[in-house]
Number of protein chains: 2
Amino acid sequence: MTSNPRRGPYICGIDAAMDVVTGKWKSLILWELDNHGTRRFGELKRGLPGVSEKMLIQHLREMEQDGLVHREVYREVPPRVEYSLTEHGTTLNDALRPLGAWGTKRSQRLAAEHELVS
Amino acid sequence: MTSNPRRGPYICGIDAAMDVVTGKWKSLILWELDNHGTRRFGELKRGLPGVSEKMLIQHLREMEQDGLVHREVYREVPPRVEYSLTEHGTTLNDALRPLGAWGTKRSQRLAAEHELVS
DNA sequence: CAGCATCCCCCAAGATACTG
DNA sequence: CAGTATCTTGGGGGATGCTG
């Protein structure tokens, strides 16, 4: 296993949630899967500009282990693999929505400040 | 400056919020300040078992720069410094609450599973 | 009391190349 | 298409010691 051997014990709820969300692309993967319902590996890669195949697969595997993501393999040629959110993944994404809204406001505030300078 | 020179540009709101929350103890600092309203440096340190002085001050400085935390210095002997949440820090903490609730449920689920094993 | 200065380690993440 | 395998590195974070 390549990944972080943490998964508890946790000091509080946020701690437990962050453990699962930490990883440069994880929250974006959640977002992408929630928007499209189901995505193939290549679609995810194109949807996350800058991600490497290594990090993408690594994050997906961890999220699968954490019960957030479902991985469906279709034995075809060429191979097809589809990723989707599980129930837990969906509720996590819902729980992240207020944080996303806060971040959006913060972005706008920063942009406005930068506007005053330039 | 010791810290991460990111602060944008961001792909989405969650990205922008995570940039500010990322750091091993930051969400716990928010939690601690929100619970007590105001805390001295030493109180924070005692409230976060395991944190080093270096990381605590580093995180506090970054959060101050990000407009989440207010730092009030009282020029006394011995010196006294009090930290509290700003308006933005408070709203961020509010936005984190659903995530904390999700994490708590996840913890309970993990504990229950572990119960079945032992 | 509330920090600052250093040194050090580990691992998340990037880059590159190859495969069923 | 959907991955593996391997090497490398940046910097987050720990430990220790010192100071106004």
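Every chain is numbered from 1, with letters handed out A, B, ... down the list of sequences. Every heavy atom of this structure was used, including side-chain atoms; hydrogens, water molecules and symmetry mates were not. Keep in mind that what you see is a predicted model, and the values were worked out from it rather than measured.
- Residue Arg61(A) places at least one side-chain N or O closer than 4.0 Å to OP1 or OP2 of dT4(D).
- Atom CZ of Phe41(B) is separated from atom CD of Glu53(B) by 5.0 Å, given to the nearest 0.5 angstrom.
- Without hydrogens or angle criteria, Glu113(B) side chain to Leu110(B) main chain gives no donor-acceptor distance under 3.5 Å.
- Residue-level contact check: Arg75(B) touches neither bases nor backbone, having no heavy atom under 4.0 Å from any strand.
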Exercise. With the sugar-phosphate defined as primed atoms, P, OP1 and OP2, and the base as all remaining atoms, what B/S/- string results for nucleotides 13-20 of chain D, 5' to 3', for protein heavy atoms under 4.0 Å?
Worked result: BBB----B

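- Contact annotation: Arg40(B) does not reach the phosphate of dG3(C) (side-chain N/O to OP1 or OP2, under 4.0 Å).
- Using a 3.5 Å distance cut-off with no hydrogens or angles, the side chains of Tyr83(B) and Arg40(B) do not pair a donor with an acceptor.
- Distance, Leu60(B) CG to dC4(C) C1': 15 Å, rounded to whole Å.
- A donor-acceptor pair is defined here as one N or O able to donate and one able to accept, closer than 3.5 Å; such a pair exists between the side chain of Asp15(A) and the backbone of Ile11(A).
- Spacing between atom CZ of Arg71(A) and atom C1' of dC1(D) amounts to 12 Å, rounded to whole angstrom units.
- Regarding contacts with the backbone of dC1(D), every side-chain N or O of Arg39(A) stays at 4.0 angstrom or more from both OP1 and OP2.
- Tyr83(A) comes within 4.0 angstrom of sugar-phosphate atoms only, judged by non-hydrogen atoms across all strands, and of no base.
- Regarding Leu56(A), its CG atom lies at a distance of 15 Å from the C1' atom of dA12(C), rounded to whole Å.
- Rounded to whole angstrom, the span from the CZ atom of Phe41(B) across to the C1' atom of dA2(C) amounts to 6 Å.
- His88(B) has its side chain out of reach of Asp66(B): every pair of non-hydrogen atoms, C-beta onward, lies at least 4.5 Å apart.
- Atom-to-atom, NZ of Lys45(A) to C1' of dG3(D) comes out at 10 Å; the value is rounded to the nearest Å.
- One can place CD of Glu62(B) at 13 Å from P of dG11(D), the figure rounded to the nearest angstrom.
- Atom pair Glu82(B):CD and dC1(C):P shows a separation of 15 Å (rounding to whole Å applied).
- What separates CZ of Arg46(B) from P of dG3(C) is a distance of 13 Å, to the nearest Å.
- Other residues, nucleotides and ligands place more than 12 heavy atoms under 6.0 Å from the CD atom of Glu72(A).
- Proximity of a side-chain donor or acceptor of Arg39(B) to a complementary backbone N or O of Gly42(B) within less than 3.5 Å is not detected.
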